[in-house]
Amino acid sequence: MKFDGSIVPIIDLTKARTGTEEEKQAVAREVGAAARSIGFLVVSGHGVSAEIIERASDTTRRFFDLSLAAKTKYRSPDPEIYRGYFGMETGNLASTIGQEAKPDHREYYNIGRFDLDAEDPYFTTPTAQRIFHDNIWPDADVPEFRHGIVDYYHEMEKLAELLMELCARALDLPADWFADKIDKHITNMVVTNYPDQPEAPEEGQLRAGAHTDYGGLTILKAEDKPGGLEVQTPDGRWEAVPIVPGAFIINLGDLMAQWTNDEWVSTMHRVINPPRDKAVGSRRQSLVFFHQPNYDAIIECIPSCAVKSAPKYGKTTSLEHLEMKMNQMNDTPKFKDMETV
């Protein structure tokens with residue numbers, strides 16, 4: 001584990017993928033230390049090819065380069081179906097923690113799960129029908145978009161499984177403890193474009209307002225541009241999260257904090273505006289995989305995490321928590337403004 005001048009540690013996952021049991025446990029201890037202290041880490045040695053990352057980044061950038069008229073063709077026809085393109089200032093992440101704030105200065109594209117097993121009853125229940133909608137693909141304008149995202153999404157699924165295994169090990173649980181809670185996950189992937197800001201945003205408006213993420217963990221691929229991601233430290237300061245070439249930023253979500261009775265932290269974070277003298281040329285794009293457990297996964301305190309204090313949270317499910325967060329946004333249709341940093 002190293003820190004590279006930041007409170008957020010950088011952890012090499014190579015031995016977690018290929019090492020001995022002892023070496024995997026050693027990496028897990030590093031993950032656990034980060035989870036307890038700041039809830040953020042940067043991972044290298046993750047095994048995802050640079051070609052897949054670059055293709056996903058390039059093809060999605062080509063989408064955002066389209067005219068507004070072209071992009072809006074790929075909006076969802078139903079505001080309650082969270083798929084496709086969302087235009088500038090249509091989201092407000094600060095509202096999910098009860099804050100009044102200006103809309104976020106960004107546009108984004110949402111992709112849900114695909115390649116579902118139509119023969120599996122899990123994906124055909126009334127609840128599943130509310131969640132697993134067809135994706136909207138911009139095939140007519142950017143035909144490479146779908147292939148780039150599908151390959152990237154599958155790689156993120158594998159990386160998320162490895163990270164959840166390391167979380168289990170760090171909590172002294174069996175390595176596969178989370179496996180049956182994420183094998184039919186409801187993960188939402190969002191590609192976000194933060195454009196240049198030749199004109200200053202409104203006072204108090206950020207690229208993305210302060211919030212915590214809702215699920216188990218988040219995998220972020222971000223660009224090193226002015227106006228980036230900041231994490232709130234335990235003493236209330238805001239500190240930039242380092243951008244390491246070829247690495248991913250990982251942060252824990254609310255469900256991991258609830259599973260661990262707040263021994264592990266779901267930390268407030270935001271995306272700030274670039275300095276005015278660097279506003280032109282600050283365009284920033286992020287690929288974000290919000291790993292969300294199965295819709296019926298039970299979220300309750302892991303018994304070993306109730307030793308120091310009684311459970312702080314009542315039993316819930318992955319979907320119940322997600323919908324609770326949605327309902328915190330006044331006059332916002334369900335699933336309209338899920339996480340998008």
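Keep in mind that the numbers below use all heavy atoms, side chains included, and drop hydrogens, waters and symmetry copies. Residue indices begin at 1 and follow the sequence shown.
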Quick one, E230 and V271 - any side-chain contact, counting heavy atoms below 4.5 Å? no
Is a salt bridge present between R283 and E223, judged by a nitrogen-to-oxygen distance below 4.0 Å? no
Looking only at the side chains, is there a donor atom on one of Y108 and S286 sitting less than 3.5 Å from an acceptor on the other? no
Would you find a donor on one side and an acceptor on the other, under 3.5 Å apart, between the side chain of T267 and the backbone of I38? yes
Does the ring center of F289 lie less than 6.0 Å from the ring center of Y153? yes
Counting neighbours of NZ on K315 that are heavy atoms of other residues, nucleotides or ligands and sit closer than 6.0 Å, is the number greater than 12? no
Consider only side-chain N and O atoms of E144 and H147, and report whether a donor and an acceptor are under 3.5 Å apart. no
Taking atom NZ as the centre, does K225 end up with more than 12 heavy-atom neighbours from other residues, nucleotides or ligands that are less than 6.0 angstrom away? yes
Under a 4.0 Å threshold between the charged nitrogen and the carboxylate oxygen, would E155 count as salt-bridged to K158? yes
Can you check whether F40 and H269 have ring centres sitting under 6.0 Å from each other? yes
CG of N273 to CD of Q197: how many Å apart, nearest 0.5 Å? 4.0 Å
Can you tell me if D78 and S76 form a side-chain donor-acceptor pair at under 3.5 Å? no
From the list I182, L255, D296, I298, side-chain contact (heavy atoms from CB on, under 4.5 Å) with S318 holds only for L255
Take D58 and T60 through the test side chain to side chain contact (heavy atoms under 4.5 Å, CB included) and record every step on the way to the result. CA-CA 6 Å; D58 292 345; T60 52; over 6 Å; no
Angle between ring planes, H154 versus F114, binned at 30° and 60°: parallel, tilted or perpendicular? perpendicular
Give a yes or no on whether the backbone of P126 and the side-chain of Q129 come within a donor-acceptor separation of less than 3.5 Å. no
If you measure only the distance, is there a donor-acceptor pair under 3.5 Å linking the side chains of Q285 and Y194? no
Crowding at NZ, K312 (>12 non-hydrogen neighbours, <6.0 Å): yes
Donor-acceptor pair, distance only, cut-off 3.5 Å: does the side chain of Y85 make one with the backbone of E107? no
Ring-ring centroid check H291 F178, cutoff 6.0 Å: no
How many angstroms lie between atom CG of L173 and atom CZ of R169, to the nearest 0.5 angstrom? 11.5 Å
Can you confirm if the aromatic rings of Y109 and F145 lie within a centre distance of less than 6.0 Å? yes
Lys/Arg-Asp/Glu bridge criterion (N-O < 4.0 Å) met for D151, R55: yes
Separation of F248 CZ from T218 OG1 (nearest 0.5 Å): 13.0 Å
Would S282 and R207 count as having a side-chain donor-acceptor pair, cut-off 3.5 Å? yes
